[in-house]
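A quick write-up on the structure given underneath.
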Amino acid sequence: MRGPIWYAWNVEAVGNRGRGTHMHWGANSSVAVAVLIAGVITTIVTAIIRRSPSRATARATREGVLFVVSTRMWQRVLIRTVGIAVLPLAVMLLLAAAFVRDPEIGMVIAGAAMLVGGILFILLARGMKRMRLEVTPDSVWSFGLVRGPNEVPISELTSLEPNPGDRFGGILAKTGSSTRFGATRLMLGYPQLIDFLQHSRPDLPIPEGSWPLQGRAVASR
């Protein structure tokens with residue numbers, strides 16, 4: 001015989017299943033929305049890059065440079081703006097936590113994380129301004145985010161591979177298993193780099209996923 005306790009347990013179990021299903025659906029919806037937004041942003045940026053200038057305007061720091069491959073100004077401005085915007089919020093959270101008798105640990109952690117993140121974003125924007133490739137007839141000078149320039153003779157390259165670390169694609173120039181330099185398809189001067197590699201090292205095929213967003217015709221001009 002089913003008494004009141006059984007009915008109460010059954011109602012609670014059904015409710016728990018309903019809440020679990022709702023939470024599962026909500027998590028899946030959040031992931032789907034995030035994927036959709038990322039796809040839309042990628043499509044919009046790709047369309048803009050295909051219609052925008054492809055040559056870098058940054059000045060070379062060495063003699064005999066044919067062209068420069070550099071990041072775009074809007075990328076650096078966007079990252080720096082995010083960093084600057086986050087810093088005041090981080091300071092406000094930390095100050096609020098400092099003047100509260102028993103501050104929540106979550107507030108302190110969030111404030112500290114935002115402070116570190118804002119500083120890193122600003123430093124990243126500065127590093128991106130410095131990061132570039134300066135291409136000469138026989139070599140490529142690679143400038144990293146923080147490290148000094150490194151000369152890579154074109155004759156030392158053994159393979160060209162797609163850049164798996166960037167959503168928009170790119171190219172990695174390697175000697176054996178060591179990456180000597182790389183570039184993304186968003187960078188100014190990227191089509192000229194592909195054209196240069198085609199003509200200077202015709203024995204190394206350009207990977208299918210590394211052709212410029214502007215098309216092969218731009219790279220072959």
Side-chain angles (χ1 to χ4, degrees), residues 42 45-83 120-175 178-221:
T42 302
V45 172
T46 300
I48 293 174
I49 296 301
R50 284 174 175 168
R51 291 168 174 79
S52 62
S54 62
R55 290 189 176 274
T57 56
R59 293 182 179 180
T61 61
R62 325 191 84 77
E63 297 291 335
V65 172
L66 301 176
F67 59 93
V68 177
V69 182
S70 67
T71 58
R72 295 175 181 265
M73 181 180 292
W74 65 263
Q75 293 176 280
R76 304 191 297 267
V77 170
L78 178 61
I79 291 177
R80 183 170 60 249
T81 301
V82 171
L120 290 178
F121 266 66
I122 294 175
L123 293 177
L124 176 61
R126 293 184 60 182
M128 288 177 63
K129 184 177 181 179
R130 185 179 182 278
M131 185 174 64
R132 68 179 66 194
L133 301 176
E134 296 187 4
V135 182
T136 68
D138 301 316
S139 62
V140 174
W141 287 87
S142 176
F143 294 71
L145 289 172
V146 293
R147 61 179 173 80
N150 179 43
E151 184 180 14
V152 182
I154 295 299
S155 59
E156 293 184 1
L157 300 182
T158 58
S159 65
L160 300 175
E161 298 181 6
N163 187 347
D166 190 90
R167 179 187 304 170
F168 298 93
I171 196 166
L172 299 176
K174 294 190 171 185
T175 300
S178 176
T179 299
R180 306 301 300 277
F181 64 85
T184 70
R185 298 199 292 178
L186 288 184
M187 298 177 79
L188 290 169
Y190 184 82
Q192 289 72 40
L193 175 65
I194 298 300
D195 182 49
F196 171 79
L197 292 173
Q198 276 188 289
H199 288 85
S200 61
R201 290 300 304 270
D203 57 312
L204 301 179
I206 304 297
E208 189 61 34
S210 299
W211 290 100
L213 294 172
Q214 294 85 350
R216 297 192 183 190
V218 174
S220 61
R221 287 177 187 174

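Note that the coordinates shown come from a computational prediction; the quantities given were computed from them, not determined experimentally.
- Put simply, the side chain of Asn163 reaches to within 4.5 Å of the side chain of Leu172, judged on heavy atoms.
- Considering only heavy atoms from C-beta on, Ile206 comes within 4.5 Å of Ile194 through its side chain.
- Ser210 approaches Pro162 most closely through the heavy-atom pair OG-CA, 3.4 Å.
- When all heavy atoms of Gly83 and Phe121 are compared, the closest pair comes out as CA-CB, 3.7 Å.
- For the pair Leu133/Phe67, no side-chain contact is recorded, criterion being any heavy-atom separation below 4.5 Å from C-beta on.
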Check step by step if side-chain contact (heavy atoms from CB on, under 4.5 Å) holds for Thr81 and Val77.
-> CA-CA 6 Å; Thr81 301; Val77 170; 3.8 Å; yes
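- Contact annotation: the side chain of Arg72 never approaches that of Met187 to less than 4.5 Å [non-hydrogen atoms, C-beta and beyond].
- Atom-to-atom distance recorded for Ile79:CD1 and Leu123:CG is 12.0 Å, nearest 0.5 angstrom.
- Residues satisfying the salt bridge (charged side-chain N to carboxylate O under 4.0 Å, His left out) test with Arg80, not counting sequence neighbours, are none.
- Leu197 CG to Gln192 CD: the interatomic distance, rounded to the nearest 0.5 Å, is 11.5 Å.
- Distance check: Tyr190 OH to Ser70 OG gives 14.5 Å after rounding to the nearest 0.5 Å.
- Within the structure, the side-chain hydrogen bond (donor to acceptor under 3.5 Å, both in side chains) test picks out the following pairs touching residues 123-134 (sequence neighbours left out): Thr61-Glu134.
- When atom types are taken as modelled, the side chain of Glu156 and the backbone of Pro153 share no donor-acceptor pair closer than 3.5 angstrom.
- Note that the CG atom of Leu193 and the CD atom of Gln198 stand 10.5 Å from one another [nearest 0.5 Å].
- Between Pro207 and Leu160 the shortest side-chain heavy-atom distance falls below 4.5 Å.
- For the residue pair Ser178 and Thr175, no side-chain donor N or O sits within less than 3.5 Å of a side-chain acceptor on the partner.
- A donor-acceptor contact under 3.5 angstrom links the side chains of Thr71 and Arg76, judged on distance only.
- Interatomic distance, Glu151 CD to Trp141 CH2, rounded to the nearest 0.5 Å: 4.0 Å.
- In this structure the side chain of Gln75 never reaches within 4.5 angstrom of the side chain of Leu78, judged on heavy atoms.
- The line from CD of Glu161 to OG1 of Thr158 is 8.5 Å long, rounded to the nearest 0.5 Å.
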Decide side-chain contact (heavy atoms from CB on, under 4.5 Å) for Phe181 and Ile171; before the verdict, give the C-alpha distance in whole Å, the side-chain angles of both, and the deciding distance to 0.1 Å.
-> CA-CA 9 Å; Phe181 64 85; Ile171 196 166; 5.7 Å; no
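- Arg201 contributes a side-chain N or O that, together with a main-chain N or O of Leu157, makes up a donor-acceptor pair within less than 3.5 Å.
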